[in-house]
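Structure record follows, encoded as structure tokens.
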Amino acid sequence: MRILYLLFAVLFLLFQAAPGSADPLFADTAECRSQGNFCRAGACPPTFAASGSCHGGLLKCCSK
């Protein structure tokens, strides 16, 4: 029974993601956020304009 605790600890350490190590899944999302913009579903807030797309075209990239 003790081996299960050890196995769980090893698996937890193996699959733990380090902060900032994951590559973004969508290049357009990474580009939008690198420019200081944010992604949003639906329309951008009134003082922002849609400057592109995010998440493979499902979201809008909103910029000031």
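Just so we're clear, the structure is a prediction, and the values are computed from it rather than from any experiment.
For A49, there are no side chain to side chain contact (heavy atoms under 4.5 Å, CB included) partners, not counting sequence neighbours. Among residues two or more places apart in sequence or in another chain, the side chain to side chain contact (heavy atoms under 4.5 Å, CB included) test is passed with P45 by F38, R40, F48, C62.
At least one donor-acceptor pair closer than 3.5 Å links the side chain of T29 to the backbone N or O of H55.
The CZ atom of F26 lies 13.5 Å from the SG atom of C32; values are rounded to the nearest 0.5 Å. The line from NZ of K60 to SG of C54 is 11.5 Å long, rounded to the nearest 0.5 Å.
The nearest pair of heavy atoms linking G57 to D28 is N-OD2, 3.5 Å.
Taken together, the cysteine pair C39 and C61 keeps its SG atoms at least 2.5 Å away from each other.
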